[in-house]
Amino acid sequence: MATTLHKPLGAITVDDLAAAAPGSDATALHAALRRALDSHGPTEVWGELCRSVLCPSVPFAVHRMLYYGCFAGFPSPTPPAWTPDPKEAVLTNVGRVLEARGRDFIGDAYKDPITSFPDLHKFSNENPEAYWKMVFEDMGIQFSVEPSCIWRENTAYPGGEWLPGAELNAAANCLTAKPGRSSDGPAIVWRDEGKDSDPLNFMSLEELRKKVCLVAKAIDALELPKGSAIAIDMPMDVNAVVIYLAIVLAGYVVVSIADSFAAPAISMRLKLSEAKAIFTQDYILRDDKELPLYSRVVEAKAPMAIVIPVRGSLLIKGLRVDDLSWQDFLRRVNHTEAENYTAVNQPAYAFTNILFSSGTTGEPKAIPWTHITPLKAAADGWCHMDIRKGDVVAWPTNLGWMMGPWLVYASLLNGASMALYNGSPNSSGFAKFVEDAKVTMLGLVPSIVRTWKNTDCTAGLDWSSIRCFSSSGEASSVDDYLWLMGRAGYKPVIEYCGGTEIGGGFVTGSMLQPQALSAFSTPAMGCNLFILDSSGNPLPQDSVGIGELALDPTLFGSSTTLLNADHQEVYFNGMPEWHGKILRRHGDEFERTSDGYYRAHGRADDTMNLGGIKVSSIEIERICNRVHEAILETAAIGVPPVGGGPEQLTIAVVLKDQSSQIEDLNQLKLACNMALKKLNPLFKVSSVVIVPSLPRTASNKVMRRVLRKEFSQAAQAKHSKI
């Protein structure tokens with residue numbers, strides 16, 4: 001962060017504030033700023049500014065000026081944008097447990113929740129038996145058969161075996177009333193797009209349980225073998241959540257398919273999972289437009305489909321002979337008898353959900369979740385996002401991506417309500433829904449925040465109920481997230497990075513630690529991180545450095561198998577050892593800063609993250625190589641922008657004839673973008689650069705990492721001159 005380029009707070013004048021906030025009372029702002037300067041230290045000054053000056057109605061230019069001015073010359077590379085309050089810290093899930101049992105876990109070294117949080121993290125790795133037992137007890141997890149232990153060595157799994165002998169049902173745990181969570185309290189709150197002035201819709205926990213049991217009974221009436229895979233391809237609304245829980249409750253396996261996929265992608269996922277049935281809708285409604293969905297499912301040659309009419313009509317046009325309407329599907333069972341449906345308890349390692357890595361045209365990895373994975377998702381929410389009983393949790397997503405099932409489990413297993421908006425999260429309608437539903441934890445991807453900031457669609461709304469934000473999917477921008485924090489009285493953003501194969505995060509933040517923008521303050525509980533040096537060996541733990549990230553294999557909830565690939569080959573072969581354990585490959589490049597934060601630097605391999613979708617460089621290059629007859633070869637590079645944010649796609653182009661030139665690079669960029677639409681309409685080339693040749697290894701492999709570094713340095717140098 002180039003804080004030296006900004007005026008220190010003491011040098012900011014009334015005229016500076018007037019220029020940043022035309023029409024505001026610059027004199028009053030300046031007087032408030034001078035009063036805040038009486039606090040001791042930049043962190044304390046920034047806290048006072050957040051409390052007394054920087055309300056949402058103050059133009060963001062002032063927020064930005066004061067933030068950068070406050071930390072101008074700050075000795076740390078990652079100044080905190082939020083610092084925990086000791087009085088609030090003891091009310092968090094972790095703070096409450098530490099105040100009651102801190103000395104049992106940490107001994108006489110225990111001080112208070114904030115000071116001792118790093119000690120608890122160390123304890124979670126060194127004593128997983130006690131740590132995870134405590135978490136399960138606090139969340140109220142019920143086993144039909146208790147595990148013989150929490151974790152034990154097992155040569156079949158590089159990371160050992162979790163919950164051996166245990167039997168449970170993750171969905172049943174979501175539907176169980178617990179102390180502090182009554183059956184008549186809300187489990188889901190929702191609103192449909194276009195009904196922004198209507199009252200909210202609520203479904204109690206008991207109503208949810210009855211609906212899930214009814215659908216589970218109806219699934220049994222299909223007479224599929226237990227353990228069969230059943231797909232869901234629909235928006236994440238109330239019906240989708242009910243169906244998801246019903247499939248798991250009844251002992252079947254959910255196949256998660258994003259509702260944005262075209263027929264070939266749907267077909268591939270159905271084949272990989274060997275799905276026997278699929279739940280879908282006739283249409284997706286957006287801005288009162290009907291976007292076909294069932295027709296895509298039919299084109300994918302899906303098995304038997306159960307089709308929900310989105311407008312409530314009893315007639316669905318073009319229904320195949322073996323397919324069922326939602327009404328006919330439910331009509332097959334006695335509704336009263338279904339209310340007493342008995343959950344199918346299964347071994348902890350039984351599959352509950354098949355999800356897919358975010359590949360595009362290539363075959364994605366088919367990743368099974370078990371009954372253990374939901375516990376990891378919920379435990380992350382319990383510890384890191386501080387999801388408490390009675391909270392309201394919103395995270396715009398879809399069941400086809402891991403954050404969809406994560407939202408189900410992280411909210412319901414923690415006794416919170418799930419907030420669902422059936423419409424675009426980029427709209428003012430969603431922003432108003434957050435206010436009306438009194439959301440306490442709002443999860444996002446950075447592209448949504450950027451749209452809100454550009455359209456100012458949150459203006460005039462009261463987001464004071466939010467206790468924290470969380471962000472995942474792609475790299476965030478410092479300025480965008482500074483703006484976001486300011487919408488809710490400067491509540492923290494808990495950055496969250498993980499993977500479908502982990503069921504949650506490996507690096508994140510905490511409500512008990514200072515949070516810096518676009519940075520991670522801690523490995524997830526129960527996780528050790530390792531940064532590999534240029535030789536592929538782990539640097540000493542907690543040392544400053546940058547390199548490919550590797551994980552301690554004993555990570556609770558992480559995958560142990562893949563349906564269509566060799567799990568050992570993908571995640572472990574060729575990795576270094578640490579204390580006799582083979583480290584687990586992840587593939588991202590990370591930096592550990594001198595003040596203990598972590599920053600993500602994109603993929604270390606030849607994939608990139610574009611709009612939250614991981615895609616191989618080779619797939620993009622194959623298309624771009626054909627857009628102009630003068631092109632010899634290309635290299636697709638994801639370049640992080642100056643100031644942070646999602647990777648921007650740069651195409652390095654080598655010409656067949658080095659003496660010739662392509663006169664209009666903008667036309668070449670346009671041609672690449674038109675061609676890439678067939679791969680994914682979300683992919684967009686940011687720039688095209690002509691290079692004499694591509695850097696290669698001795699074995700002729702393209703060194704895209706070298707180009708990424710060159711382009712990043714060039715962008716930084718250009719920015720510094722501005």
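These figures come from a predicted structure and were not determined experimentally.
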| Rounded to the nearest 0.5 Å, how far apart are CD1 of I623 and NZ of K677? | 13.5 Å
| field | T280 side chain vs V307 backbone, donor-acceptor pair below 3.5 Å | value | no
| request: Could you walk me through whether Y421 and W190 pass ring-ring contact (aromatic ring centres under 6.0 Å, His included), step by step? | output: CA-CA 6 Å; Y421 183 77; W190 78 95; over 10 Å; no
| said: Can you tell me how far apart CE (M139) and NZ (K178) are? Round to the nearest 0.5 Å. | reply: 7.5 Å
| Closest non-hydrogen atom pair between T176 and Q142, with its separation | CG2-NE2, 3.6 Å
| Can you list the steps and then say if S471 with Y496 is a side-chain hydrogen bond (donor to acceptor under 3.5 Å, both in side chains)? | CA-CA 6 Å; S471 176; Y496 190 53; over 6 Å; no
| Given I219 and I230, is the side-chain contact (heavy atoms from CB on, under 4.5 Å) satisfied, shown in steps? | CA-CA 10 Å; I219 293 173; I230 301 174; 3.7 Å; yes
| query | Any salt bridge between D196 and K432, counting N to O under 4.0 Å? | reply | no
| field | Presence of salt bridge, D233 and R269, under 4.0 angstrom | value | no
| said: Check this for me: does any side-chain nitrogen of one of R296 and E299 sit under 4.0 Å from a carboxylate oxygen of the other? | reply: no
| message | Parallel, tilted or perpendicular: which one describes the rings of Y349 and Y157, with boundaries at 30° and 60°? | response | parallel
| said: Test side-chain contact (heavy atoms from CB on, under 4.5 Å) on W382 and L413; report intermediate values, then the result. | reply: CA-CA 9 Å; W382 178 89; L413 287 178; over 6 Å; no
| message | Hydrogens and angles aside, do T560 and H567 bring a side-chain donor and acceptor to less than 3.5 Å of each other? | response | no
| said: Check whether R467 reaches the backbone of D386 with its side chain - one donor and one acceptor, N or O, closer than 3.5 Å. | reply: yes
| Quick one: are M525 and D380 in side-chain contact, heavy atoms under 4.5 Å? | no
| request: Mark yes or no for whether S427, through its side chain, and G423, through its backbone, hold a donor-acceptor pair below 3.5 Å. | output: no
| said: Looking at every heavy atom in both A250 and K226, which two are closest together, and how far apart are they? | reply: O-NZ, 2.6 Å
| request: Please report the closest heavy-atom contact between T508 and E495, naming both atoms and the distance. | output: OG1-O, 2.8 Å
| query | Does A177 offer a backbone N or O that forms a donor-acceptor pair with the side chain of S183 under 3.5 Å? | reply | no
| More than 12 heavy atoms from other groups under 6.0 Å of NZ on K389 | yes
| N454 side chain to R450 main-chain N or O, any donor-acceptor pair under 3.5 Å? | yes
| task | Would you confirm whether S256, through its side chain, and L399, through its main-chain N or O, come within 3.5 Å as a donor-acceptor pair? | result | yes
| request: Assess whether ring-ring contact (aromatic ring centres under 6.0 Å, His included) is satisfied between Y481 and F469, documenting all intermediate values. | output: CA-CA 10 Å; Y481 274 33; F469 299 96; 8.2 Å; no
| Does the pair Y252 and D220 meet the rule for a side-chain hydrogen bond (donor to acceptor under 3.5 Å, both in side chains), with working shown? | CA-CA 9 Å; Y252 302 96; D220 280 347; 2.8 Å; yes
| note | Which of W406, W395, F261 passes ring-ring contact (aromatic ring centres under 6.0 Å, His included) with W401? Answer is F261
| field | More than 12 heavy atoms from other groups under 6.0 Å of CG on D322 | value | no
| said: Let's go through Y409 and N173 carefully: what are the C-alpha distance in whole Å and the side-chain angles of both, what is the deciding distance for side-chain hydrogen bond (donor to acceptor under 3.5 Å, both in side chains) to 0.1 Å, and is it a yes or a no? | reply: CA-CA 9 Å; Y409 293 120; N173 272 276; over 6 Å; no
| said: Working to the nearest 0.5 angstrom, can you tell me the gap between W463 CH2 and T440 OG1? | reply: 13.5 Å
| message | One thing to verify: whether R320 and D323 come together as a salt bridge, which I'm taking to mean a side-chain N less than 4.0 angstrom from a carboxylate O. | response | yes
| message | Any side-chain to backbone donor/acceptor pair from W369 onto T500? Under 3.5 Å, distance only. | response | yes
| Is there a donor-acceptor pair under 3.5 Å between the side chain of D282 and the backbone N or O of V310? | yes
| Euclidean distance, L412 CG relative to M418 CE, rounded to 0.5 Å | 4.0 Å
| said: Within the supplied structure, the quantity of interest is the number of heavy atoms (other residues, nucleotides, ligands) at a distance under 6.0 Å from K453 NZ; does it exceed 12? | reply: yes
| Salt-bridge contact E339-R209 (side-chain N to carboxylate O under 4.0 Å) | no
| Taking every non-hydrogen atom, the tightest pair across A338 and K217 | CB-CB, 3.8 Å
| said: Given 3.5 Å as the limit, does a donor-acceptor pair link the side chain of E193 with the main chain of S424, or not? | reply: yes
| task | Check C457 against A431 and note the closest heavy-atom contact, atom names and distance. | result | O-CB, 3.9 Å
| request: Could you walk me through whether S325 and D328 pass the side-chain hydrogen bond (donor to acceptor under 3.5 Å, both in side chains) test, one step at a time? | output: CA-CA 5 Å; S325 70; D328 288 340; 3.3 Å; yes
| For the student: nearest non-hydrogen atoms of N414 and G381, plus distance | ND2-C, 4.2 Å
| message | One thing to verify: whether D436 and K438 come together as a salt bridge, which I'm taking to mean a side-chain N less than 4.0 angstrom from a carboxylate O. | response | no
| Hey, is R191 close enough to D198 for a salt bridge, meaning N to O under 4.0 Å? | no
| Over 12 foreign heavy atoms within 6.0 Å of CD, E146 | yes
